[in-house]
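Each remark here refers to the structure printed beneath this line.
The figures that follow rest on heavy atoms only: side chains count, while hydrogens, waters and symmetry mates do not. Naming: A, B, ... by sequence-line order, numbering from 1 per chain.
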Number of protein chains: 2
Amino acid sequence: MAKPKKTPRPKAETPRGFRDYFGAEVTRRSEMLGRIAAVYHRYGFDALESAGVERVEALGKFLPDVDRPNEGVFAWQEDAEAEKPGDWLALRYDLTAPLARVYAQHRNDLPTPYRRYAMGPVWRNEKPGPGRYRQFYQCDADTVGSGSVAADAEICAMLADCLEEVGIARGDYVVRVNNRKVLNGVLEVAGLSGDDKETERGIVLRAIDKLDRLGAEGVRALLGAGRKDESGDFTDGAGLDDAQAEVVMGFMQAKRDSAAETCARLRELVGDSAVGGAGVDELEQIGALLGAGGYGPDRIEIDPSVVRGLGYYTGPVYEAELTFEITDDKGRKRNFGSVAGGGRYDDLVKRFTGQEVPATGVSIGVDRLLAALEAKGRLDDRAEGPVVVTVMDRDRMADYQAMVAELRAEGIRAEVYLGNPKNFGNQLKYADKRHSPVAIIEGGDEHAKGVVQIKDLVLGARIAQDATLEEWRDRPSQYEVARGDMVAKVREILELYR
Amino acid sequence: MAKPKKTPRPKAETPRGFRDYFGAEVTRRSEMLGRIAAVYHRYGFDALESAGVERVEALGKFLPDVDRPNEGVFAWQEDAEAEKPGDWLALRYDLTAPLARVYAQHRNDLPTPYRRYAMGPVWRNEKPGPGRYRQFYQCDADTVGSGSVAADAEICAMLADCLEEVGIARGDYVVRVNNRKVLNGVLEVAGLSGDDKETERGIVLRAIDKLDRLGAEGVRALLGAGRKDESGDFTDGAGLDDAQAEVVMGFMQAKRDSAAETCARLRELVGDSAVGGAGVDELEQIGALLGAGGYGPDRIEIDPSVVRGLGYYTGPVYEAELTFEITDDKGRKRNFGSVAGGGRYDDLVKRFTGQEVPATGVSIGVDRLLAALEAKGRLDDRAEGPVVVTVMDRDRMADYQAMVAELRAEGIRAEVYLGNPKNFGNQLKYADKRHSPVAIIEGGDEHAKGVVQIKDLVLGARIAQDATLEEWRDRPSQYEVARGDMVAKVREILELYR
């Protein structure tokens, strides 16, 4: 392969819509994933890790008569230049489509039901926006092959446990449960179950989903003649009469203080509808199972206003919401909102095998959860940087290495400065950039006396920030200790900032 | 988008060269990565996670005058069908090329030197083979921006610590260190440093690399006139005369009992070569630094026979080898061999900025390490399955859920059987497939008496395997205990198999 004569320098850039994660951004996320995995595992879920790459036809978002897959995924053709080009491959866009493929491929070797969890990156070929990236993490747990509502209840309980495990206190979240069948029953009672009513049903579903934003009055307008918004734009309504609209409004507002009362109210609303009645039965069972496991309405509640991607789901749906207020970018207070959701779906494996396999599962939005913990100030923000051993005498590098080895042996994160040691100020600037809590100095004089200087950099930074602070005035930020006491003194300082 | 009339069912298949990882395969790897990350972190290295997707030009394996990137990576063009197609994107093939891009892009915000670690999947568009996949894990640590050999020594020490941390005992591994500059000095002494000697140098390098396989005699032949192998094929030699060949042979066999003796021998061999002398100086410094940190030749040794991708490296190179024997697929005993390696390279960022930035780094082969631990029988193989609570009475599902909630609260992995409970035999088969250590049974009779049946499935399986075993004869494999003693009895059984 001949080298080209002159190559212009490449640009050092992430591709559009991708980003790099540094230091604590990475370790905090992996710690959170580890905690969630431990809960999933305790519930009997097994880890599954499939590749990032799948055959496009297995992902199943594409028409067979189109040469090139649609937008939405990153895809390419195997051996595109060859005489016989191969399969189209694509990066997975979620963890559910690969689960379907895995289950269909390995179903004879997998237990039934198959409880699995998966966590990892997924890719979307979409227009990136602020805070919206083309690669992000998903963290899912699904039970495949069980139609029992016990499977749904179990996932709701597990979701509550996961939230507490990662640091969301009880009372700061609620898992809300609803059932698609109840909604179908309500639509039946409202006279909207016919094949000719698809448009109306769509309008009703979207209206319910907007309850938070539009309030009861706005939704009521959309159920009837339609609604003009603040800008003057008009949205067509579903054209329900008052009696019909009342049933739907009643459904949305059916939540009562206990699961039993809510279910009783729903049973009134679905009247004679068979599917509606079955839905209420399921909600009652879920309530009873959760109650027996100790998951009361302070953690998990039946809430008929939960409507999430209902077109996809066939039974119970659930959503975890954080209930505390945060201040958003524009300084407004608002509820943090949803951080996880899921439900029951039945066509998972059918595409591959023709067989209908019931499944239910949840996806936790790890990045949103991290943002929530940060907003709450619950992320451990003590100095995470290493102790930096400075280099005063280049020829005694071995002594400095011995110091960090001692510190590390005691579990203390530590490093020797490896840049050019000539300018000592640069070494301290480096320690600052590393968010180091402590710097150690051992020049010729110290060496001769058998001591080291230990600088408390956290305190130093605070004094620099506000030199008048009473509380710091009498504390030194540098100590001279015997070389043999180095580790103990460093530990003492680190303890202060834990 | 119109739906096609009839879609043939897609095949449920991983793409060629990709695979799925299940259960313990996933958790063991992530546990290992977690342990290695903890060591890297303790050494002051910071996590970095870049996206799986990079701009092809940033990866830098491609000619600018070729439309489609070469083989070796998975690549595609952004908006290929659009009027103005965009950049070529590709999946990263290692973690070093993205490090170069990240460092060039963010260098003003990063500390100097920048110690970073990264772990994650990489992709190679190569012909898959047995045990060779097109997606696999890498686990790297690099120090960018320091030319000091203290950086190389530190990485060697860290590598030794990592191996011990994941379960390789001291004595079962050795980190071997060499220096490219010493080899250059030896080649200079042997009269092979001229621009016209490139072919000969190549033959010499490849010959040294084959010492393990061909033995000293085979290598000697390749340094001289050439060598005929068992099949009769002839490989050209470098055509060195006896004196020249002796220098190279002496280099390969220069290892002595201590670093100091080895360095003394190497200094003889490089004679007046300036680069050779500098290389020996560096090895001496590395030996001294490691000795000061407590890393003696039982863990890290200077070994001139280490030759790894020397074309790429510019200074110290290092390699970790497992020294115990394993039995391979064909029943032959052999050394397990290399599990990690790296070295110093200086052209990392130059492609982007024109500036030469020194760097040194290591890559640990996590999948090979896992295979090694498995071969050594060091992976924890006790039953990792969950306790299975069977369902004798479908209407008492809430009671069974309460049982697993109790077990989980005590940190015991547990689940309720969620398949069709009609056939009890199927429930035990399921428990078997899940590698469950314990099954719990509470039918109507037990419920009335306030007891549960607890089956020890590990013991049950052993008895089934060999019913005559004396030691099992008197042990029951099923116990009836009071409901209130359930958790304690389960814990007692689990303790037996830890």
Side-chain angles (χ1 to χ4, degrees), chain A residues 4 7 9-10 12-13 15 18 20-23 26-27 41-44 46-53 55 57-58 60 63-65 68 76 81 89 101-102 104-105 111-113 135 146 148 150-151 288-289 292-294 351-352 386 397-398 401-402 405 408 413 415 418-419 430 433-434, chain B residues 4 7 9-10 12-13 15 18 20-23 26-27 41-44 46-53 55 57-58 60 63-65 68 76 81 89 101-102 104-105 111-113 135 146 148 150-151 288-289 292-294 351-352 386 397-398 401-402 405 408 413 415 418-419 430 433-434:
Chain A
T7 317
R9 278 185 201 144
E13 283 177 3
F18 292 88
D20 303 310
Y21 294 84
F22 294 92
V26 180
T27 49
H41 188 261
R42 200 155 71 227
Y43 271 78
D46 266 3
L48 168 66
E49 187 168 328
S50 59
V53 178
R55 296 169 60 245
E57 91 176 82
L63 300 175
D65 53 349
R68 192 177 168 89
W76 63 91
E81 311 270 280
L89 302 182
R101 194 266 306 150
V102 167
Q105 184 173 345
T112 301
Q135 173 176 330
S146 171
S148 165
L289 290 168
R351 305 181 43 240
F352 294 104
M397 188 56 102
Q401 293 286 359
R408 287 175 196 143
R413 190 179 192 208
E415 56 174 59
L418 286 183
Y430 170 85
K433 208 161 194 173
R434 299 286 286 119
Chain B
T7 317
R9 278 185 201 144
E13 282 178 4
F18 292 88
D20 302 311
Y21 295 83
F22 294 92
V26 180
T27 49
H41 187 260
R42 202 155 68 228
Y43 271 78
D46 266 3
L48 167 66
E49 186 168 329
S50 59
V53 179
R55 294 168 62 244
E57 95 175 79
L63 299 175
D65 54 348
R68 192 176 170 89
W76 63 91
E81 309 271 281
L89 302 183
R101 194 266 307 150
V102 167
Q105 184 173 344
T112 301
Q135 172 177 330
S146 171
S148 164
L289 289 169
R351 307 179 44 240
F352 294 104
M397 188 57 101
Q401 292 286 0
R408 287 174 195 145
R413 192 181 190 205
E415 55 173 61
L418 286 184
Y430 170 85
K433 207 158 194 174
R434 300 287 284 119

If you compare all heavy atoms of [X] against all heavy atoms of [Y], which two are closest, and at what distance to 0.1 Å?
{"X": "A:E415", "Y": "B:G44", "answer": "OE1-O, 3.1 Å"}
{"X": "B:L418", "Y": "A:S146", "answer": "O-OG, 2.8 Å"}
{"X": "B:R9", "Y": "A:R351", "answer": "CG-O, 3.3 Å"}
{"X": "A:A292", "Y": "B:A402", "answer": "O-CB, 3.5 Å"}
{"X": "B:P10", "Y": "A:F352", "answer": "O-CD2, 3.4 Å"}
{"X": "A:E13", "Y": "B:R55", "answer": "O-CD, 3.7 Å"}

Per-residue contact mode, [X] against chain A (heavy atom under 4.5 angstrom):
{"X": "B:S148", "result": "side chain"}
{"X": "B:A405", "result": "side chain"}
{"X": "B:A288", "result": "backbone"}

Are the side chains of [Y] and [X] in contact, using a 4.5 Å heavy-atom criterion?
{"X": "B:Y430", "Y": "A:P113", "value": "yes"}
{"X": "B:P386", "Y": "A:Y43", "value": "no"}
{"X": "B:Y21", "Y": "A:L48", "value": "no"}

Margin query: Heavy-atom pairs under 4.5 Å with chain B: which of A:R408, A:Q401, A:E49 has the most?
Written below: A:R408
Check: Highest number of heavy-atom pairs under 4.5 Å with chain B: which of A:P111, A:S50, A:A151?
Finding: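 Top option by heavy-atom pairs under 4.5 Å: A:P111.
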Note to self: Does any backbone or side-chain atom of A:R434 lie under 4.5 Å from a heavy atom of chain B? Answer side chain, backbone, both or neither.
What the structure shows: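 When you check distances to chain B, only side chain atoms of A:R434 fall under 4.5 Å.
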Next item on the list: With a 4.5 angstrom heavy-atom cut-off, could you sort out which part of A:T112 is near chain B: side chain, backbone, both or neither?
Entry: backbone
Note to self: I'd like to know if the side chain of A:Q135 and the backbone of B:G52 have a donor-acceptor N/O pair within less than 3.5 Å.
What the structure shows: yes
